[in-house]
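The next block holds one structure in the form of structure tokens; read it before the comments.
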Amino acid sequence: MKAPSFTVIPGEVIHRLIHDNLAGCVDVIRTAYLAHDRKQTVNPASVFLRFHDKPNARIIALPAHVAAPVPISGLKWIASFPDNVKAGLPRASAALILNSHEHGYPFACLEASIISAARTAASAALAARVLVGRPSAGTLGIIGTGLIARYVYQFLAGTGWEIGRILLYDTDRAMAERFASRWCDPTRCKVEIAPDLASVLGTCDVTLFATVAPTPHVDDPRLLAHHPVVLHLSLRDLSPRLVRDAFNVVDDVDHALSAGTSLQLAEQETGTRSFVAGSLAAILDGRCQVDHTRARIFSPFGLGVLDVALGKWVYDRAIDHNLGHVVPNFFFELER
Ligand SMILES: NC(=O)c1ccc[n+]([C@@H]2O[C@H](COP(=O)([O-])OP(=O)(O)OC[C@H]3O[C@@H](n4cnc5c(N)ncnc54)[C@H](O)[C@@H]3O)[C@@H](O)[C@H]2O)c1
């Protein structure tokens, strides 16, 4: 057996490898969803560490195993400190540990805020493609214009989406203005900042929620009367009644109906999960047909298997290009 080694891969390398091949990332996520659907994964419940003195902060552990195409395990350890944003730092920070399936040893540590944002955005781009039926949006609405919103926009724009107009809304208008000037290309499409949430959700054909709302704050059925596609990544914005009446797609039913998500609240109110049409993998696999006569809502809990699958893809490319830092003697006592 080869002596275990340990490689650190910094964010700079990960950023380059991911942004050089956004379509490749979407393929990795598609394959991971299908593997999960075929029970070729193990994805235990996430563990939430919370604090007495910082009720809005948390650190989440997401352990996961992916058996195919190559068996690999890992753990994403991701912190969410929303007050960071006021200090000019991103809300989330993360590390991903990858473990060998041969001997269990951890063999790599990767900066994982980029991997996490990329796997989230890749899953949203994949879901949008499937739920819209083609890679185009007349008007793309973005509610909550932070890092995740930026990644979703970059994945859509970078994987061939035609977007006629972008409508932005953030409770902090300066965030929306910054998003427009820093990340949107005005030569590509018109970008506007909306005065309120209703003007976005009530008019756009595709709307992304990437807020940090802890409980539902949107409850007007008229806002979904035009049957939009809603990428409900922040999971807790829509009221249970809006969710209940829509065509709901998840990544994993058990995960998506947990941790106080809008879907879980809807289940608690109705006593049933029948308002969930199925998983994205079931649609990809042809077992579930998209209903275009209702609002189509994608609510992905965010599976650790996606982080492990994308992390391994990034690791392989980093090794191929000699971009990892091997830590000499990281494992030192190798004699029993
Ligand atoms: N489902 C998944 O797989 C997944 C993965 C990663 C992140 N997320 C979620 O995505 C969300 C966004 O993450 P981020 O890193 O971009 O956060 P961020 O803090 O960088 O950005 C959030 C933005 O939302 C704005 N906002 C807050 N409440 C709002 C409201 N009610 N209406 C409009 N705007 C509002 C804030 O002002 C801020 O600009 C978080 O809720 C996070 O948990 C989901």
Side-chain angles (χ1 to χ4, degrees), residues 29 32-33 36 43 46 48 56-60 62 64 76 78-94 96 112-127 141-155 167-180 182-183 193-201 207-219 223 230-239 249-252 255-264 280 297-307 310:
I29 296 309
Y33 274 146
H36 186 65
N43 199 112
S46 304
F48 288 67
N56 68 345
R58 62 186 189 213
I59 312 181
I60 311 176
L62 292 88
K76 181 174 72 170
I78 180 159
S80 169
F81 279 55
D83 295 345
N84 283 359
V85 172
K86 282 181 231 136
L89 262 186
R91 176 189 60 84
S93 57
L96 174 70
S113 69
I114 298 170
I115 287 173
S116 187
R119 65 81 149 140
T120 303
S123 80
L126 182 61
I142 301 184
I143 297 172
T145 54
L147 183 92
I148 294 297
R150 190 236 294 179
Y151 264 77
V152 173
Y153 169 64
Q154 288 174 330
F155 264 79
L167 204 47
L168 304 169
Y169 174 71
D170 195 296
T171 41
D172 183 345
R173 188 181 166 94
M175 293 290 168
E177 283 167 358
R178 184 173 183 280
F179 189 98
R182 179 83 175 87
W183 303 114
I193 295 172
D196 50 42
L197 187 151
S199 344
V200 179
L201 187 59
T207 292
L208 164 69
F209 275 95
T211 75
V212 286
T215 50
H217 55 103
V218 185
D219 184 39
L223 298 178
V230 179
L231 306 170
H232 191 205
L233 299 193
S234 33
L235 295 168
R236 294 172 187 87
D237 300 271
L238 302 175
S239 72
V249 178
V250 297
D251 49 359
D252 177 295
H255 287 268
L257 277 72
S258 71
T261 62
S262 300
L263 289 171
Q264 190 188 28
L280 184 55
I297 303 178
F298 178 54
S299 301
F301 192 71
L303 303 176
V305 295
L306 304 186
D307 298 292
L310 190 59

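Every number for a ligand or one of its atoms is a count from 1 in the order of the listing.
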Could you report the tightest heavy-atom contact between [X] and [Y], atom names first, then the distance?
X      : Y      : value
His217 : Leu197 : CE1-CD1, 3.6 Å
Ala64  : Val305 : CB-N, 3.5 Å
Ile143 : Thr211 : O-CG2, 3.5 Å
Leu233 : Thr120 : CD1-CG2, 3.8 Å
Asp219 : Ser239 : OD1-OG, 2.6 Å
Leu167 : Ser199 : CD2-O, 3.6 Å

May I ask you to check whether [X] has an N/O atom sitting below 3.5 Å from an N/O atom of ligand 1?
X      : result
Ala213 : no
Ala92  : no
Leu233 : yes
Pro300 : yes
Ser116 : no

Could you tell me, atom by atom, which parts of ligand 1 come under 4.0 Å of a heavy atom of [X]?
X      : value
Ile143 : 33 (C)
Ala210 : 11 (C), 12 (C), 22 (C), 23 (C), 24 (O)
Met175 : 39 (O)
Val85  : 19 (O)
Tyr169 : 32 (N), 33 (C)
Gly302 : 3 (O)
His217 : 31 (N)
Leu147 : 16 (O), 20 (O)

Please work out whether any backbone atom (N, CA, C, O) or any side-chain heavy atom from C-beta onward of [X] is under 4.0 Å from ligand 1, and answer side chain, backbone, both or neither.
X      : result
Arg58  : side chain
Asp170 : both
Thr211 : both

*If hydrogens are left out, which of Arg173, Arg91, Arg178, Arg119 has an atom nearest to atom 13 (O) of ligand 1, that is, the closest non-hydrogen atom?*
Arg91
*Decide whether the shortest distance between a heavy atom of His232 and an atom of ligand 1 is less than 4.0 Å.*
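It does not; every heavy atom stays at 4.0 Å or beyond.
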*Regarding Asp252 and His36, is there a side-chain donor-to-acceptor distance under 3.5 Å anywhere?*
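The criterion, which ignores hydrogens and geometry beyond distance, is satisfied for His36 and Asp252.
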For [atom], grab the closest protein heavy atom and report residue, atom and distance to one decimal in Å.
atom                    : result
atom 26 (N) of ligand 1 : Thr171 OG1, 3.5 Å
atom 21 (O) of ligand 1 : Gly146 CA, 3.3 Å
atom 5 (C) of ligand 1  : Thr120 OG1, 3.1 Å
atom 16 (O) of ligand 1 : Ile148 N, 2.9 Å

Beyond-backbone contact of [X] with [Y], side-chain heavy atoms, under 4.5 angstrom:
X      : Y      : value
Ser123 : Phe298 : yes
Leu201 : Val230 : yes
Leu126 : Phe155 : no

*To the nearest 0.5 Å, tell me how far Ile60 CD1 sits from Ser116 OG.*
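Spacing of CD1 (Ile60) from OG (Ser116) equals 9.0 Å.
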_ring pair (Phe, Tyr, Trp, His ring centres under 6.0 Å) partners of Phe209, counting only residues at least two apart_ =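 Scan of Phe209 (ring pair (Phe, Tyr, Trp, His ring centres under 6.0 Å), adjacent residues dropped) gives His232.
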*Report the residues that fulfil side-chain contact (heavy atoms from CB on, under 4.5 Å) with Arg150, sequence neighbours left out, ordered by chain and then residue number.*
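Residues passing side-chain contact (heavy atoms from CB on, under 4.5 Å) with Arg150: Leu147, Gln154, Phe179, Trp183.
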